[in-house]
Amino acid sequence: MSNLLSTINSLITNLNAVPSIHIFVSNLANGEITILTAIFWLGVASGISIIGGAIGGIWLAGKDLGYNLAAMIGGLFGPAGVIPAVVVGLAILKFV
């Protein structure tokens, strides 16, 4: 793990990145939860849940509603349960 962190730090240093990006990547690599890393993980979880909801919608109702409509509805309903769960989970990890 320390080899990965040193590689990331040297890459960022070589690119002459903005210090705030360096801090963000360091927090992300160390597993620290800040407001920026929480927003990043919320975005990742939302994207994955949209894709999973669309696949689930196609699988469950593709023949009945049509594949495009089922994918759109599934993509909208997928994040409905994921976003509150991720927010609560990140809050628990931050404060416990």
Side-chain angles (χ1 to χ4, degrees):
M1 184 68 174
S2 63
N3 189 19
L4 175 67
L5 290 176
S6 64
T7 304
I8 291 172
N9 285 333
S10 66
L11 179 65
I12 290 174
T13 305
N14 291 337
L15 292 175
N16 293 328
V18 180
S20 60
I21 294 174
H22 180 62
I23 293 169
F24 169 72
V25 172
S26 296
N27 287 340
L28 200 60
N30 287 331
E32 296 179 22
I33 298 175
T34 62
I35 190 70
L36 289 177
T37 57
I39 291 171
F40 173 78
W41 287 121
L42 183 64
V44 169
S46 297
I48 292 171
S49 68
I50 289 171
I51 293 169
I55 292 170
I58 290 171
W59 187 42
L60 289 174
K63 291 181 183 176
D64 298 329
L65 296 176
Y67 292 108
N68 290 334
L69 181 61
M72 282 191 290
I73 291 173
L76 290 173
F77 285 128
V82 172
I83 291 175
V86 169
V87 169
V88 170
L90 286 171
I92 289 171
L93 286 175
K94 174 68 177 173
F95 297 116
V96 170

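- Residue pairs meeting the ring-ring contact (aromatic ring centres under 6.0 Å, His included) criterion with at least one partner in residues 63-95, sequence neighbours excluded, are absent.
- Criterion: ILVMFWY side-chain heavy atoms under 4.5 Å apart, direct or through other members. Under it, L76 and L69 are not part of a common hydrophobic cluster.
- Taking every heavy atom of both residues into account, P79 and P84 meet most closely at O-CD, 4.1 Å.
- Here I58 contributes atom CD1 and K63 contributes atom NZ; the two are 13.0 Å apart, rounded to the nearest 0.5 Å.
- How far CG of L60 is from CG of L65: 10.5 Å, rounded to the nearest 0.5 Å.
- Taken from CD1 in I23 to CG in N30, the straight-line distance is 12.0 Å, to the nearest 0.5 Å.
- Taking hydrophobic clusters as Ile, Leu, Val, Met, Phe, Trp and Tyr residues chained together by side-chain heavy-atom distances below 4.5 Å, I73 does not share a cluster with V82.
- Residues satisfying the ring-ring contact (aromatic ring centres under 6.0 Å, His included) criterion with F40, sequence neighbours excluded, are F24.
- Under a 4.5 Å side-chain heavy-atom cut-off, the cluster of Ile, Leu, Val, Met, Phe, Trp and Tyr residues that includes I55 is completed by I51.
- Hydrophobic clustering of Ile, Leu, Val, Met, Phe, Trp and Tyr side chains at less than 4.5 Å, counting indirect connections, unites I39 with I21.
- For the atom pair CG (L42) and CD1 (I35), the distance works out to 9.5 Å, reported to the nearest 0.5 Å.
- Connection of L28 to L36 is established within a shared hydrophobic cluster, with ILVMFWY side chains joined at heavy-atom distances below 4.5 Å, either directly or through further cluster members.
- Of all heavy-atom pairs spanning S46 and S49, the tightest one is O-OG, 2.8 Å.
- Connection of V86 to I50 is not established within any shared hydrophobic cluster, with ILVMFWY side chains joined at heavy-atom distances below 4.5 Å, either directly or through further cluster members.
- Taking OG1 of T37 as the start and CG of N27 as the end, the distance is 6.0 Å to the nearest 0.5 Å.
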